[in-house]
Number of protein chains: 2
Amino acid sequence: MTQHTPIDPVVNFIELMGLQFQGDGAPRIAGRIYGLLLMEGRPLGLQDMATRLQVSRASISTNARLLATKGLVELVSQPGDRQDYYQLIPVPHVSILETVSARMASAAERMTQAEAMLPEEMGEAKTRVRALVSFYRQSADFMQRWVREVSS
Amino acid sequence: MTQHTPIDPVVNFIELMGLQFQGDGAPRIAGRIYGLLLMEGRPLGLQDMATRLQVSRASISTNARLLATKGLVELVSQPGDRQDYYQLIPVPHVSILETVSARMASAAERMTQAEAMLPEEMGEAKTRVRALVSFYRQSADFMQRWVREVSS
DNA sequence: CGGATCATTCAGTCTTGACTGAACGATCCG
DNA sequence: CGGATCGTTCAGTCAAGACTGAATGATCCG
(Lines give C-alpha, C1' and ligand atoms only; values in the text may rest on other atoms or scores of the structure.)
Protein backbone atom coordinates (compact mmCIF):
# COMPACT_ATOMS: atom_id res chain seq x y z
CA MET A 1 0.00 0.00 0.00
CA THR A 2 1.39 3.34 -1.01
CA GLN A 3 1.70 6.34 1.25
CA HIS A 4 -1.56 8.20 1.20
CA THR A 5 -0.36 11.57 2.44
CA PRO A 6 2.90 12.43 0.71
CA ILE A 7 5.11 14.65 2.79
CA ASP A 8 7.94 14.68 0.28
CA PRO A 9 8.31 18.43 -0.38
CA VAL A 10 9.59 17.86 -3.90
CA VAL A 11 6.57 15.76 -4.85
CA ASN A 12 4.43 18.34 -3.15
CA PHE A 13 5.88 21.13 -5.24
CA ILE A 14 5.56 19.20 -8.48
CA GLU A 15 1.96 18.42 -7.70
CA LEU A 16 1.28 22.05 -6.92
CA MET A 17 2.56 23.08 -10.33
CA GLY A 18 0.32 20.45 -11.89
CA LEU A 19 -2.73 21.90 -10.21
CA GLN A 20 -1.62 25.40 -11.07
CA PHE A 21 -1.39 24.58 -14.77
CA GLN A 22 -4.69 22.77 -14.65
CA GLY A 23 -6.27 25.85 -13.14
CA ASP A 24 -4.99 27.82 -16.11
CA GLY A 25 -6.63 25.41 -18.52
CA ALA A 26 -3.45 23.53 -19.40
CA PRO A 27 -2.92 19.79 -18.97
CA ARG A 28 -1.94 18.84 -15.47
CA ILE A 29 0.95 16.76 -16.69
CA ALA A 30 2.48 19.74 -18.43
CA GLY A 31 2.59 21.46 -15.07
CA ARG A 32 4.20 18.47 -13.43
CA ILE A 33 6.87 18.36 -16.09
CA TYR A 34 7.60 22.03 -15.54
CA GLY A 35 7.72 21.51 -11.80
CA LEU A 36 10.09 18.57 -12.17
CA LEU A 37 12.45 20.53 -14.39
CA LEU A 38 12.30 23.40 -11.94
CA MET A 39 13.38 21.05 -9.16
CA GLU A 40 16.15 19.36 -11.11
CA GLY A 41 17.50 22.33 -13.00
CA ARG A 42 19.15 20.17 -15.62
CA PRO A 43 18.04 18.64 -18.93
CA LEU A 44 15.95 15.50 -18.50
CA GLY A 45 15.15 12.82 -21.05
CA LEU A 46 11.66 11.67 -21.90
CA GLN A 47 12.18 8.28 -20.35
CA ASP A 48 13.51 9.85 -17.16
CA MET A 49 10.49 12.04 -16.78
CA ALA A 50 8.05 9.27 -17.61
CA THR A 51 9.36 7.07 -14.81
CA ARG A 52 9.78 9.92 -12.33
CA LEU A 53 6.22 11.15 -12.86
CA GLN A 54 4.77 7.69 -13.42
CA VAL A 55 3.01 8.53 -16.67
CA SER A 56 3.28 7.14 -20.17
CA ARG A 57 6.03 8.24 -22.50
CA ALA A 58 3.37 9.29 -24.99
CA SER A 59 1.96 11.76 -22.53
CA ILE A 60 5.40 13.15 -21.71
CA SER A 61 6.18 13.52 -25.38
CA THR A 62 2.99 15.41 -26.11
CA ASN A 63 3.18 17.72 -23.13
CA ALA A 64 6.89 18.43 -23.38
CA ARG A 65 6.36 19.59 -26.94
CA LEU A 66 3.41 21.67 -25.76
CA LEU A 67 5.65 23.40 -23.24
CA ALA A 68 8.22 23.93 -25.97
CA THR A 69 5.71 25.65 -28.26
CA LYS A 70 4.76 27.92 -25.39
CA GLY A 71 8.39 28.84 -24.90
CA LEU A 72 8.68 27.54 -21.34
CA VAL A 73 11.03 24.71 -22.18
CA GLU A 74 13.44 23.86 -24.95
CA LEU A 75 14.63 20.72 -26.64
CA VAL A 76 18.32 20.04 -26.31
CA SER A 77 20.44 17.17 -27.49
CA GLN A 78 23.57 15.65 -26.13
CA PRO A 79 26.36 14.44 -28.41
CA GLY A 80 26.33 10.69 -28.91
CA ASP A 81 22.85 10.34 -27.43
CA ARG A 82 19.66 9.86 -29.36
CA GLN A 83 17.35 10.86 -26.55
CA ASP A 84 15.42 14.12 -26.53
CA TYR A 85 16.32 16.16 -23.50
CA TYR A 86 14.23 19.08 -22.34
CA GLN A 87 15.41 21.90 -20.12
CA LEU A 88 13.95 25.05 -18.67
CA ILE A 89 14.21 28.27 -20.58
CA PRO A 90 16.05 30.55 -18.17
CA VAL A 91 13.84 33.61 -18.66
CA PRO A 92 10.34 32.40 -19.53
CA HIS A 93 8.71 35.75 -18.79
CA VAL A 94 8.93 36.95 -22.35
CA SER A 95 7.18 33.89 -23.72
CA ILE A 96 4.45 33.95 -21.10
CA LEU A 97 3.58 37.57 -21.67
CA GLU A 98 3.80 37.35 -25.42
CA THR A 99 1.46 34.37 -25.44
CA VAL A 100 -1.12 36.29 -23.45
CA SER A 101 -0.60 39.36 -25.59
CA ALA A 102 -1.10 37.38 -28.78
CA ARG A 103 -4.29 35.84 -27.41
CA MET A 104 -5.75 39.23 -26.67
CA ALA A 105 -4.76 40.59 -30.04
CA SER A 106 -6.41 37.74 -31.91
CA ALA A 107 -9.54 38.05 -29.77
CA ALA A 108 -9.70 41.73 -30.65
CA GLU A 109 -9.29 40.89 -34.30
CA ARG A 110 -12.13 38.38 -34.37
CA MET A 111 -14.43 40.67 -32.43
CA THR A 112 -13.75 43.46 -34.87
CA GLN A 113 -14.68 41.26 -37.79
CA ALA A 114 -17.93 40.20 -36.14
CA GLU A 115 -18.70 43.79 -35.21
CA ALA A 116 -18.24 44.95 -38.79
CA MET A 117 -21.02 42.62 -39.91
CA LEU A 118 -23.55 44.20 -37.58
CA PRO A 119 -26.05 46.50 -39.34
CA GLU A 120 -25.77 50.25 -39.00
CA GLU A 121 -29.00 50.43 -37.02
CA MET A 122 -27.21 48.84 -34.07
CA GLY A 123 -24.98 51.83 -33.60
CA GLU A 124 -24.90 51.62 -29.81
CA ALA A 125 -24.07 47.95 -29.77
CA LYS A 126 -21.28 48.55 -32.25
CA THR A 127 -19.91 51.30 -30.04
CA ARG A 128 -19.93 49.04 -26.98
CA VAL A 129 -18.07 46.33 -28.85
CA ARG A 130 -15.51 48.77 -30.17
CA ALA A 131 -14.86 50.02 -26.65
CA LEU A 132 -14.17 46.46 -25.52
CA VAL A 133 -11.92 45.82 -28.49
CA SER A 134 -10.01 48.97 -27.73
CA PHE A 135 -9.34 47.76 -24.23
CA TYR A 136 -8.05 44.44 -25.53
CA ARG A 137 -5.75 46.16 -28.00
CA GLN A 138 -4.37 48.51 -25.39
CA SER A 139 -3.77 45.62 -23.03
CA ALA A 140 -1.88 43.70 -25.68
CA ASP A 141 0.33 46.73 -26.27
CA PHE A 142 0.80 47.27 -22.58
CA MET A 143 2.09 43.73 -22.16
CA GLN A 144 4.68 44.28 -24.83
CA ARG A 145 5.88 47.31 -22.91
CA TRP A 146 6.03 45.24 -19.74
CA VAL A 147 8.10 42.62 -21.53
CA ARG A 148 10.63 45.24 -22.42
CA GLU A 149 10.69 46.56 -18.88
CA VAL A 150 11.13 43.17 -17.26
CA SER A 151 13.86 42.05 -19.63
CA SER A 152 16.05 45.06 -19.01
CA MET B 1 -35.34 21.81 -40.29
CA THR B 2 -33.40 24.70 -38.92
CA GLN B 3 -31.04 26.89 -40.86
CA HIS B 4 -27.66 25.24 -40.87
CA THR B 5 -25.49 28.22 -41.68
CA PRO B 6 -26.66 31.17 -39.62
CA ILE B 7 -25.98 34.48 -41.27
CA ASP B 8 -27.64 36.54 -38.58
CA PRO B 9 -24.77 38.80 -37.50
CA VAL B 10 -26.13 39.11 -33.99
CA VAL B 11 -26.24 35.36 -33.48
CA ASN B 12 -22.81 35.22 -35.04
CA PHE B 13 -21.41 37.71 -32.56
CA ILE B 14 -22.99 35.99 -29.58
CA GLU B 15 -21.59 32.68 -30.68
CA LEU B 16 -18.16 34.19 -31.12
CA MET B 17 -18.20 35.42 -27.55
CA GLY B 18 -19.21 31.95 -26.44
CA LEU B 19 -16.21 30.42 -28.16
CA GLN B 20 -13.96 33.17 -26.87
CA PHE B 21 -14.95 32.46 -23.28
CA GLN B 22 -14.61 28.75 -23.82
CA GLY B 23 -11.09 29.29 -25.10
CA ASP B 24 -10.32 31.11 -21.87
CA GLY B 25 -11.52 28.16 -19.83
CA ALA B 26 -14.88 29.67 -18.96
CA PRO B 27 -18.26 28.10 -19.72
CA ARG B 28 -19.44 28.79 -23.23
CA ILE B 29 -22.84 29.89 -22.02
CA ALA B 30 -21.30 32.58 -19.87
CA GLY B 31 -19.78 34.03 -23.02
CA ARG B 32 -23.08 33.87 -24.85
CA ILE B 33 -24.80 35.71 -22.02
CA TYR B 34 -22.15 38.39 -22.13
CA GLY B 35 -22.47 38.65 -25.90
CA LEU B 36 -26.23 38.94 -25.67
CA LEU B 37 -26.04 41.70 -23.08
CA LEU B 38 -23.47 43.45 -25.22
CA MET B 39 -25.87 43.38 -28.14
CA GLU B 40 -28.92 44.48 -26.19
CA GLY B 41 -27.31 47.02 -23.92
CA ARG B 42 -30.14 46.87 -21.42
CA PRO B 43 -30.98 44.73 -18.40
CA LEU B 44 -32.37 41.32 -19.30
CA GLY B 45 -34.28 38.86 -17.12
CA LEU B 46 -33.27 35.24 -16.65
CA GLN B 47 -36.30 33.97 -18.52
CA ASP B 48 -35.59 36.33 -21.41
CA MET B 49 -32.05 35.10 -21.77
CA ALA B 50 -33.04 31.46 -21.43
CA THR B 51 -35.46 31.66 -24.33
CA ARG B 52 -33.22 33.88 -26.43
CA LEU B 53 -30.23 31.56 -26.04
CA GLN B 54 -32.30 28.37 -25.95
CA VAL B 55 -30.76 27.02 -22.76
CA SER B 56 -32.22 26.03 -19.41
CA ARG B 57 -32.99 28.59 -16.74
CA ALA B 58 -30.72 26.72 -14.37
CA SER B 59 -27.79 27.26 -16.68
CA ILE B 60 -28.54 30.94 -17.11
CA SER B 61 -28.87 31.34 -13.36
CA THR B 62 -25.54 29.69 -12.66
CA ASN B 63 -23.60 31.49 -15.35
CA ALA B 64 -25.12 34.90 -14.78
CA ARG B 65 -24.03 34.69 -11.16
CA LEU B 66 -20.60 33.55 -12.31
CA LEU B 67 -20.29 36.65 -14.47
CA ALA B 68 -21.45 38.74 -11.54
CA THR B 69 -18.74 37.37 -9.25
CA LYS B 70 -16.19 38.18 -11.93
CA GLY B 71 -17.44 41.74 -12.08
CA LEU B 72 -18.50 41.66 -15.71
CA VAL B 73 -22.20 41.93 -15.01
CA GLU B 74 -24.38 43.11 -12.19
CA LEU B 75 -27.73 42.15 -10.77
CA VAL B 76 -30.36 44.86 -10.91
CA SER B 77 -33.98 44.87 -9.88
CA GLN B 78 -36.93 46.77 -11.15
CA PRO B 79 -39.62 48.08 -8.82
CA GLY B 80 -42.71 45.90 -8.75
CA ASP B 81 -40.98 43.02 -10.49
CA ARG B 82 -39.69 39.87 -8.89
CA GLN B 83 -37.40 38.93 -11.74
CA ASP B 84 -33.62 39.17 -11.52
CA TYR B 85 -32.29 41.39 -14.24
CA TYR B 86 -28.64 41.44 -15.23
CA GLN B 87 -26.88 44.23 -17.04
CA LEU B 88 -23.38 44.94 -18.25
CA ILE B 89 -20.96 46.72 -16.00
CA PRO B 90 -20.00 49.79 -18.03
CA VAL B 91 -16.27 49.60 -17.39
CA PRO B 92 -15.32 45.95 -16.90
CA HIS B 93 -11.61 46.55 -17.41
CA VAL B 94 -10.91 46.98 -13.74
CA SER B 95 -12.55 43.69 -12.83
CA ILE B 96 -10.84 41.77 -15.60
CA LEU B 97 -7.38 42.97 -14.69
CA GLU B 98 -7.91 42.59 -10.98
CA THR B 99 -9.09 39.03 -11.45
CA VAL B 100 -5.94 38.18 -13.36
CA SER B 101 -3.82 40.04 -10.86
CA ALA B 102 -5.39 38.18 -7.95
CA ARG B 103 -4.80 34.85 -9.69
CA MET B 104 -1.14 35.58 -10.11
CA ALA B 105 -0.80 36.78 -6.55
CA SER B 106 -2.37 33.64 -5.12
CA ALA B 107 -0.23 31.46 -7.38
CA ALA B 108 2.86 33.25 -6.08
CA GLU B 109 1.67 32.73 -2.54
CA ARG B 110 1.18 28.99 -2.90
CA MET B 111 4.47 28.56 -4.69
CA THR B 112 6.24 30.39 -1.91
CA GLN B 113 4.72 28.09 0.69
CA ALA B 114 5.77 25.00 -1.22
CA GLU B 115 9.24 26.42 -1.75
CA ALA B 116 9.69 27.06 1.95
CA MET B 117 9.24 23.36 2.64
CA LEU B 118 12.12 22.38 0.40
CA PRO B 119 15.27 21.39 2.27
CA GLU B 120 18.24 23.71 2.42
CA GLU B 121 20.34 21.37 0.30
CA MET B 122 18.22 22.29 -2.70
CA GLY B 123 19.48 25.83 -2.72
CA GLU B 124 19.54 26.19 -6.49
CA ALA B 125 16.03 24.87 -6.93
CA LYS B 126 14.80 27.24 -4.26
CA THR B 127 16.46 30.12 -6.06
CA ARG B 128 14.82 29.18 -9.35
CA VAL B 129 11.41 29.05 -7.74
CA ARG B 130 11.92 32.36 -6.04
CA ALA B 131 12.83 33.97 -9.35
CA LEU B 132 9.60 32.71 -10.84
CA VAL B 133 7.59 33.88 -7.85
CA SER B 134 9.20 37.29 -8.15
CA PHE B 135 8.05 37.55 -11.73
CA TYR B 136 4.50 36.66 -10.75
CA ARG B 137 4.48 39.24 -7.99
CA GLN B 138 5.85 41.95 -10.23
CA SER B 139 3.28 41.12 -12.87
CA ALA B 140 0.47 41.36 -10.35
CA ASP B 141 1.74 44.77 -9.29
CA PHE B 142 2.15 45.86 -12.87
CA MET B 143 -1.49 45.04 -13.60
CA GLN B 144 -2.61 47.19 -10.73
CA ARG B 145 -0.64 50.05 -12.25
CA TRP B 146 -2.28 49.37 -15.60
CA VAL B 147 -5.70 49.46 -13.99
CA ARG B 148 -4.97 52.91 -12.69
CA GLU B 149 -3.70 54.06 -16.05
CA VAL B 150 -6.67 52.76 -18.00
CA SER B 151 -9.25 54.18 -15.62
CA SER B 152 -7.92 57.71 -15.84
C1' DC C 1 21.01 -6.72 -42.62
C1' DG C 2 18.63 -7.30 -38.09
C1' DG C 3 17.88 -6.10 -33.42
C1' DA C 4 17.46 -2.31 -30.25
C1' DT C 5 16.10 2.12 -28.75
C1' DC C 6 14.27 6.25 -29.56
C1' DA C 7 9.91 9.70 -30.42
C1' DT C 8 5.53 10.11 -32.40
C1' DT C 9 0.84 8.90 -33.93
C1' DC C 10 -3.64 7.04 -33.29
C1' DA C 11 -7.66 4.60 -31.64
C1' DG C 12 -9.80 3.81 -27.44
C1' DT C 13 -10.74 4.60 -22.38
C1' DC C 14 -11.72 7.34 -18.73
C1' DT C 15 -12.16 11.54 -16.08
C1' DT C 16 -13.79 16.24 -15.64
C1' DG C 17 -17.17 19.51 -15.70
C1' DA C 18 -20.88 21.90 -18.43
C1' DC C 19 -25.58 21.51 -18.94
C1' DT C 20 -30.34 19.83 -18.11
C1' DG C 21 -34.74 18.66 -15.84
C1' DA C 22 -37.13 18.01 -11.85
C1' DA C 23 -37.78 19.27 -7.29
C1' DC C 24 -37.72 22.80 -3.70
C1' DG C 25 -38.23 27.15 -1.06
C1' DA C 26 -39.55 31.82 -1.31
C1' DT C 27 -42.41 35.56 -2.62
C1' DC C 28 -46.30 37.68 -4.56
C1' DC C 29 -51.23 38.13 -5.89
C1' DG C 30 -56.02 36.76 -6.21
C1' DC D 1 -55.12 30.20 1.90
C1' DG D 2 -53.84 28.43 -2.74
C1' DG D 3 -52.09 29.06 -7.27
C1' DA D 4 -48.49 31.19 -9.89
C1' DT D 5 -43.99 32.73 -10.79
C1' DC D 6 -39.68 33.48 -9.44
C1' DG D 7 -34.41 31.72 -8.50
C1' DT D 8 -31.70 28.06 -6.82
C1' DT D 9 -30.19 23.32 -5.81
C1' DC D 10 -29.09 18.73 -6.98
C1' DA D 11 -28.73 14.27 -9.20
C1' DG D 12 -28.00 12.61 -13.62
C1' DT D 13 -26.52 12.87 -18.57
C1' DC D 14 -23.42 13.95 -21.95
C1' DA D 15 -19.48 15.77 -24.47
C1' DA D 16 -14.68 17.39 -24.57
C1' DG D 17 -10.23 16.28 -23.99
C1' DA D 18 -6.46 14.26 -21.15
C1' DC D 19 -4.15 10.12 -20.92
C1' DT D 20 -2.82 5.37 -22.21
C1' DG D 21 -1.12 1.33 -24.87
C1' DA D 22 -0.06 -0.54 -29.11
C1' DA D 23 1.58 0.29 -33.58
C1' DT D 24 4.63 2.93 -36.68
C1' DG D 25 8.68 5.15 -38.44
C1' DA D 26 13.26 6.64 -37.83
C1' DT D 27 17.97 6.14 -36.36
C1' DC D 28 21.77 3.84 -34.54
C1' DC D 29 24.87 -0.12 -33.55
C1' DG D 30 26.41 -4.81 -33.82
Side-chain angles (χ1 to χ4, degrees), chain A residues 11 14-37 43-70 72-87 103, chain B residues 11 14-37 43-70 72-87 103:
Chain A
V11 172
I14 290 174
E15 221 53 34
L16 168 68
M17 292 303 290
L19 292 176
Q20 188 64 38
F21 268 61
Q22 185 170 260
D24 289 351
R28 185 186 292 191
I29 289 192
R32 286 203 270 239
I33 292 174
Y34 194 75
L36 177 59
L37 289 174
L44 292 180
L46 288 194
Q47 189 63 266
D48 278 3
M49 305 197 237
T51 55
R52 281 285 300 265
L53 299 178
Q54 309 204 55
V55 293
S56 69
R57 288 191 333 235
S59 201
I60 297 287
S61 171
T62 301
N63 284 284
R65 273 178 296 155
L66 173 66
L67 287 175
T69 64
K70 290 198 175 178
L72 295 178
V73 137
E74 64 182 345
L75 175 64
V76 294
S77 55
Q78 299 196 355
D81 192 338
R82 259 188 302 148
Q83 281 188 63
D84 282 6
Y85 288 85
Y86 285 91
Q87 71 179 9
R103 268 174 87 88
Chain B
V11 172
I14 291 174
E15 222 52 36
L16 168 68
M17 292 304 289
L19 292 176
Q20 188 64 38
F21 269 60
Q22 184 170 260
D24 289 350
R28 183 186 295 191
I29 290 192
R32 286 202 270 237
I33 291 175
Y34 194 74
L36 177 59
L37 289 174
L44 292 179
L46 288 194
Q47 189 62 265
D48 279 2
M49 303 196 238
T51 53
R52 280 286 299 267
L53 299 178
Q54 308 203 56
V55 292
S56 70
R57 281 182 316 164
S59 202
I60 297 288
S61 172
T62 301
N63 285 283
R65 273 177 299 154
L66 173 67
L67 288 174
T69 65
K70 291 199 174 177
L72 295 178
V73 137
E74 64 183 345
L75 175 64
V76 293
S77 57
Q78 299 194 356
D81 193 337
R82 260 186 303 146
Q83 281 188 63
D84 282 6
Y85 289 84
Y86 285 91
Q87 71 180 6
R103 267 175 86 90

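Each chain gets a letter, A, B and so on, in the order the sequences are listed, and its residues count up from 1.
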Next on the checklist: From CZ of A/R65 over to C1' of C/dA7, roughly how many Å is that when rounded to an integer?
Outcome noted: 8 Å

Checklist entry - Tell me: CD of B/Q47 to C1' of D/dG7, nearest whole Å? => result 11 Å

Next on the checklist: At under 4.0 Å between heavy atoms, how does the protein contact nucleotides 10-19 of chain C? Give one character per nucleotide, 5' to 3', with B, S or -.
Outcome noted: ---------S

Next on the checklist: If the condition is salt bridge (Lys or Arg N to Asp or Glu O under 4.0 Å), which residues does A/R103 pass it with, not counting sequence neighbours?
Outcome noted: B/D24

Checklist outcome for this item: To the nearest angstrom, the CD-C1' distance between A/Q54 and D/dG21 comes to 17 Å

Item to check | Close side-chain approach of B/Y85 to B/Q83, heavy-atom, < 4.5 Å | outcome: yes

Next on the checklist: Is B/S61 close enough to D/dG7 that one of its side-chain N or O atoms is under 4.0 Å from OP1 or OP2 there?
Outcome noted: no

Next on the checklist: Applying salt bridge (Lys or Arg N to Asp or Glu O under 4.0 Å) as the test, list every pair that has at least one member in residues 73-86 of chain A; sequence neighbours left out.
Outcome noted: none

Next on the checklist: From CG of A/L46 over to P of D/dG21, roughly how many Å is that when rounded to an integer?
Outcome noted: 16 Å

Checklist outcome for this item: In whole angstroms, the gap separating P of D/dG7 from CD1 of B/I33 amounts to 12 Å

Checklist outcome for this item: When B/L53, B/I33, B/L37 are each screened for side chain to side chain contact (heavy atoms under 4.5 Å, CB included) with B/I14, the one that passes is B/L53

Item to check | Counterpart residues, side chain to side chain donor-acceptor pair (under 3.5 Å), relative to A/Q22 (two or more places apart) | outcome: A/R28

Item to check | Gap between atoms CZ and P, on A/F21 and D/dC19 respectively (whole Å) | outcome: 12 Å

Checklist outcome for this item: Here the distance between atom C1' of D/dG7 and atom CG of B/D48, to the nearest Å, is 15 Å

Sort me out a list of protein N/O and nucleotides 27-30 of chain D N/O pairs below 3.5 Å, or just none if empty.
residue, atom, partner, partner atom, Å
D/dT27, O2, A/R82, NH1, 2.8

Next on the checklist: Test side-chain contact (heavy atoms from CB on, under 4.5 Å) on B/Q47 and B/R57; report intermediate values, then the result.
Outcome noted: CA-CA 7 Å; B/Q47 189 62 265; B/R57 281 182 316 164; 3.4 Å; yes

Item to check | B/L66 CG - D/dT9 P separation (whole Å) | outcome: 14 Å

Item to check | Any B/R57 side-chain nitrogen or oxygen under 4.0 Å from OP1 or OP2 of D/dG7 | outcome: no

Checklist entry - What distance do B/Y86 atom OH and B/L67 atom CG have between them, rounded to the nearest 0.5 Å? => result 9.0 Å

Checklist entry - What are the two closest heavy atoms between A/L66 and A/A30, and how far apart are they? => result CD2-CB, 4.4 Å

Checklist entry - For residues 59-69 of chain A, which residue pairs qualify under salt bridge (Lys or Arg N to Asp or Glu O under 4.0 Å), counting only residues two or more places apart or in two chains? => result none

